[in-house]
Amino acid sequence: MDRKVIIIGASGHGKVIADIVRKSGDQVLGFLDDNRALPKIFFGFPVIGTVAEYKEHLEADFIVAIGDARIREKIVKELEGVSWYTAVHPSAVISDIQVRIGAGTAVMANAVINSCASIGEHCIINSSAVVEHDNQIGDFVHISVGAKLAGNVTVGKGTWIGIGASVSNNLEICQGCMIGAGAAVVQNIREAGVYVGTPAKKKK
């Protein structure tokens, strides 16, 4: 397709997104980042300005490569009239049966998204994460490396599922939660907060 892409956030996550863009046959035009101490070239890609200068590049597609959902959402709301790039690594396994992936979302290497799953906008489905059939994933959700969501799971907006965490089938997790690394969610979570352990319990 050879789409031209600008990545917001010159960071480790940004490098991963740049790799996905290139492996998808598209072109990284450069990074926008507010850290003025960055070099002009970031791992072979130019740093072409700050986030506020995005209007100079509206011919390109944009993606926000920042892990923190609150910052990601803030930037998305500030950028008007842009076309959002959805980054899907070629090694990701995505069902052909009624899968929806929202604009601005990144699906990393070896992730699995099964039939009838719906992924919101500006999400991160990280490396080797599993999103099973009929999952409903809200906007700005981050499913971390190796996390596994069984079938018919609903995850609310802005929630972070930590590395290696697991969520049993037919459960709901409300918005604004953080599920700790390795936690096991075995019942509905209806109150925002930090949940850790096996089974996952709210941290006081």
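Two different hydrophobic clusters hold Ile179 and Ile163 under the rule that ILVMFWY side chains link at heavy-atom gaps under 4.5 Å. Under the 4.5 Å side-chain heavy-atom criterion for ILVMFWY residues, no single connected hydrophobic cluster contains both Tyr85 and Leu58. Taking hydrophobic clusters as Ile, Leu, Val, Met, Phe, Trp and Tyr residues chained together by side-chain heavy-atom distances below 4.5 Å, Ile6 does not share a cluster with Val21. If you chain together hydrophobic residues whose side chains sit under 4.5 Å apart, Val64 and Leu38 never meet in one group. Val28 and Phe42 fall within the same hydrophobic cluster, where Ile, Leu, Val, Met, Phe, Trp and Tyr residues are linked whenever their side-chain heavy atoms come under 4.5 Å apart, directly or through other members.
You'll find the side chain of Glu59 reaches within 4.5 Å of the side chain of His57, heavy atoms only. Using a 4.5 Å cut-off on side-chain heavy atoms (C-beta onward), Val51 and Leu79 make contact. Residues Asn135 and Ser118 have side chains not in contact (no heavy-atom distance under 4.5 Å, counting atoms from C-beta outward). Within the 4.5 Å cutoff, the side chain of Gln98 has heavy atoms near those of the Cys116 side chain. Within the 4.5 Å cutoff, the side chain of Ile17 has no heavy atoms near those of the Val5 side chain. The shortest side-chain heavy-atom distance between Val88 and Ile20 does not fall under the 4.5 Å cut-off.
The stretch residues 79-106 participates, sequence neighbours left out, in no salt bridge (Lys or Arg N to Asp or Glu O under 4.0 Å) pair at all. Within the structure, no pair that satisfies the ring pair (Phe, Tyr, Trp, His ring centres under 6.0 Å) test touches residues 86-113, not counting sequence neighbours.
Under the salt bridge (charged side-chain N to carboxylate O under 4.0 Å, His left out) criterion, Lys15 pairs with no residue, sequence neighbours left out. For Tyr54, there are no ring-ring contact (aromatic ring centres under 6.0 Å, His included) partners two or more places apart in sequence or in a different chain. Every residue meeting the salt bridge (charged side-chain N to carboxylate O under 4.0 Å, His left out) condition with Lys202, not counting sequence neighbours, appears here in chain and number order: Glu191. Under the salt bridge (charged side-chain N to carboxylate O under 4.0 Å, His left out) criterion, Lys40 pairs with no residue, sequence neighbours left out. Under the ring-ring contact (aromatic ring centres under 6.0 Å, His included) criterion, Tyr195 pairs with no residue at all, not counting sequence neighbours. Residues meeting the ring-ring contact (aromatic ring centres under 6.0 Å, His included) test with Phe62, sequence neighbours left out: none. With sequence neighbours excluded, the residues satisfying salt bridge (charged side-chain N to carboxylate O under 4.0 Å, His left out) with Glu172 are Arg190.
The CZ atom of Phe31 sits 11.0 Å away from atom CD1 of Ile8, with the distance rounded to the nearest 0.5 Å. Here the CG atom belonging to Leu32 is positioned 10.0 Å from the CD1 atom belonging to Ile7, to the nearest 0.5 angstrom. To the nearest 0.5 Å, the span separating CD on Gln27 from CZ on Phe45 amounts to 10.0 Å. Distance check: Ile173 CD1 to Met178 CE gives 13.0 Å after rounding to the nearest 0.5 Å. The structure places OG1 of Thr154 at 9.0 Å from CG of Asn188, a figure rounded to the nearest 0.5 Å. Rounding to the nearest 0.5 Å gives a distance of 9.5 Å between CZ of Arg72 and CD1 of Ile63.
Counting only distance, with no hydrogens or angles, the side chain of Thr159 and the backbone of Gly176 share a donor-acceptor pair below 3.5 Å. Judged purely by atom type and a 3.5 angstrom limit, Asp26 uses its side chain to pair as donor or acceptor with the backbone of Arg3. Between the Ser91 side chain and the Ala109 main chain, no donor and acceptor come within less than 3.5 Å of each other.
Cluster note: Ile97 groups with no other residue, as no ILVMFWY side-chain heavy atom lies under 4.5 Å from it. Annotation for Val130: hydrophobic cluster partners, listed by chain and number, are Val93, Val112 (ILVMFWY side-chain heavy atoms under 4.5 Å, direct or chained).
With no hydrogens or angles considered, a side-chain donor-acceptor pair links Ser83 and Asp61 at under 3.5 Å.
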(request) Decide side-chain contact (heavy atoms from CB on, under 4.5 Å) for Ile94 and Ile101; before the verdict, give the C-alpha distance in whole Å, the side-chain angles of both, and the deciding distance to 0.1 Å. (result) CA-CA 10 Å; Ile94 299 174; Ile101 300 176; 3.7 Å; yes
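The two residues Ala117 and Val131 come nearest to each other via the heavy atoms CB-CG1, 4.2 Å. In terms of heavy-atom proximity, Thr86 sits nearest to Gly102 at OG1-O, 3.4 Å. The two residues Gly14 and Ala65 make their nearest non-hydrogen contact at CA-CB, 3.6 Å. Nearest heavy atom pair, residue Ala111 against residue Ile125, reads CB-CG2, 4.1 Å. Lys23 and Pro90 make their closest contact through O-CG, 3.5 Å (heavy atoms, listed as atom of the first residue, atom of the second, distance). Between His13 and Ile66, the shortest heavy-atom distance links the atoms CD2-N, 3.5 Å.
Remark: of the listed residues Val107, Thr105, Val155, Thr105 is the sole one forming a side chain to side chain contact (heavy atoms under 4.5 Å, CB included) with Cys123.
Surrounding CD of Glu53 are more than 12 heavy atoms belonging to other residues, nucleotides or ligands, all under 6.0 Å away.
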Exercise answer: donor-acceptor pairs, residues 139-153 side-chain atoms, under 3.5 Å, sequence neighbours excluded:
from: Asp139; atom 1: OD1; to: Glu121; atom 2: N; distance (Å): 2.8
from: His142; atom 1: NE2; to: Asn126; atom 2: ND2; distance (Å): 3.1
from: Ser144; atom 1: OG; to: Trp160; atom 2: NE1; distance (Å): 2.7
from: Ser144; atom 1: OG; to: Ile161; atom 2: O; distance (Å): 2.9
from: Lys148; atom 1: NZ; to: Gly146; atom 2: O; distance (Å): 3.3

